[in-house]
Student: 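Here you go, one structure.
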Protein chains: 2
Amino acid sequence: MPQDEDKKNGRAADDVIRCLVAKIHAGEYPDGTQLPPERTLMEEYGISRTVVREAVQTLSRQGLLEARPRYRPIVRKPGYDAAISALENVVTHLLSDQKGVRNLFDTRIMIEASLVRRAARHAVKEDIAALKAALEANEAAIPDSDQFYQTDRAFHGVLYDIARNPVLPAIHSAYVTWLSPQWSRMPRLPQRNLENFEAHQRIFDAILLRDPELAEQELRDHLDSAWLQVCRTFDKAD
Amino acid sequence: MPQDEDKKNGRAADDVIRCLVAKIHAGEYPDGTQLPPERTLMEEYGISRTVVREAVQTLSRQGLLEARPRYRPIVRKPGYDAAISALENVVTHLLSDQKGVRNLFDTRIMIEASLVRRAARHAVKEDIAALKAALEANEAAIPDSDQFYQTDRAFHGVLYDIARNPVLPAIHSAYVTWLSPQWSRMPRLPQRNLENFEAHQRIFDAILLRDPELAEQELRDHLDSAWLQVCRTFDKAD
DNA sequence: ACAAATAATTTGGTCCGACCAGAAGGGACG
DNA sequence: CGTCCCTTCTGGTCGGACCAAATTATTTGT
């Protein structure tokens, strides 16, 4: 029994959205349960199905709900992960022009800088082990193979895992997702592979040494050189 | 004359979305110009207005388009800023539960830590001046007044501005937007105001001293204490 | 001739009713 | 007990309709 929200408000579906969000936050529809069908909501709120659909669509795109293709009313995803995936979505949009890429890369540098600092200061045994494992996997992989690049990225992934904060990986993962198609245009120099690996090695060593300053410096050098690579690829495209 | 996109595809509006995005990226609708009206697009794509509206809505929510309230077909925003505002949107959703708040706050700490480091290392005259101005404005404001809190936040804002990266402020601004309504529940101790101001002062001094390590430490202390404040407010709500 | 007031048109916002195609649920039958 | 079929439910799409606001065109007043 929501108040009547069709009074004087200029917008329409936004009221429904607010109300639904409020109800969800209030725990009315626990995670994973399904909302009433559109036609029910329509009666319940005294509005047309059009508005209901708009509200549901919006919330779905934003990640709070999950509207399955056909049938299955609407299932609420564990809101949190959903928001994260929405974040990935948006970040991907951010990557539509070079300025956006630059800024996002910049953001990544800042985040990972804090990441390695934190790692150098507070990394526990398990974290070190995970980093070591990623590093060794990378070393074992054949240079220039898909597996090599995969393990290469995995190293950074572990860095994010150490923070135990799902918000950060979302940014990283969107970035990597965007980058993949561009990779085909990048020159795959085995020499560069080596550089990458050695940079990771140096970062790892700095973390082992518990030297945040050095770790950050190594990471900056590493990412700066990666950025140059991206730039060169971009320039070639122009 | 887009190819027919109504063949066998399971989805519907998604095709229109893809097509519109492609056209926009191709420069068909330059920034700031307005798209054809819904009814025109409807004919053009051979689909119902329902689908057109869904596509437009989605792109609007994602920030690529701007659907004005009434009349005015659809105007394309300078895509980049749009994506930023969408990011704010998503981040706001992230703040729906305590875990999300904690993670976002954590993210904020990491970002601002990098921020002050960068400021301590590379801040130019103008940056220092801006920080000083923000600080003095805060000092001049009457404790516990709205203006005080405004200038208080402004200090952090300048920190973000120094990075000249619009992605970061989006996160911060979403956070602040979310926090505002919670403020009414927070105890407004003049003593705490002082603490805040002094913390900012110390951060500023560290930047002046070009001491990244100290600056980061001061910032961490500052934000950690702010976090405790937030927690206490939350707990009281439970 | 120009400006202001007024009428006509355009356009998004909302609503309604209808149909389709999968999916879910319920039986009938082997 | 499992399988097949039929009904019902639900989201997806469609077309038409009306409204109100914003725009544009027209008329009017000076």
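Residue numbering restarts at 1 for every chain, and letters A, B, ... go by the order of the sequence lines. From a predicted model like this one, the values you see are computed outputs, not experimental measurements.
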Student: Report the distance from atom CG of L41(B) to atom C1' of dG12(C), rounded to the nearest whole Å.
Tutor: 13 Å
Student: Rounded to the Å, how far apart are D15(B) CG and dG12(D) P?
Tutor: 15 Å
Student: Can you name the residues that form a ring-ring contact (aromatic ring centres under 6.0 Å, His included) with Y29(B), not counting sequence neighbours?
Tutor: none
Student: In whole angstrom, give the distance that lies between atom CG of L35(A) and atom C1' of dT10(D).
Tutor: 14 Å
Student: In whole Å, what is the span from the CD1 atom of I74(B) to the P atom of dT10(C)?
Tutor: 17 Å
Student: Give a yes or no on whether a salt bridge exists between E126(A) and R164(A), defined as a side-chain N under 4.0 angstrom from a carboxylate O.
Tutor: no
Student: Check the interface with nucleotides 15-19 of chain D: list each N/O to N/O pair with the protein under 3.5 Å, or write none.
Tutor:
from	atom 1	to	atom 2	distance (Å)
dA17(D)	N6	R49(B)	NH2	3.3

Student: Measure the distance from CD on Q34(B) to C1' on dT23(D) and round it to the nearest whole Å.
Tutor: 11 Å
Student: Atom CD of E38(B) and atom P of dC14(D): how far apart are they, to the nearest Å?
Tutor: 14 Å
Student: Does a sphere of radius 6.0 Å around CD in E43(B) hold more than 12 heavy atoms from other residues, nucleotides or ligands, not counting ones at 6.0 Å or beyond?
Tutor: no
Student: Has N103(B) got a side-chain atom pairing as donor or acceptor with N165(A)'s backbone, closer than 3.5 angstrom?
Tutor: no
Student: Is R102(B) positioned over the aromatic face of F105(B), cation under 6.0 angstrom from the ring centre and no more than 45 degrees off axis?
Tutor: no
Student: What's the closest nucleotide to the side chain of Y71(B) if the choices are dG11(D), dG13(C), dT23(D)?
Tutor: dT23(D)
Student: Give the rounded distance in Å between these two atoms: CZ of R53(B) and P of dC14(D).
Tutor: 15 Å
Student: With Y160(B), which residues qualify under ring-ring contact (aromatic ring centres under 6.0 Å, His included), at least two apart?
Tutor: H172(B)
Student: Using whole Å, report how far CD of E54(A) lies from P of dC15(C).
Tutor: 10 Å
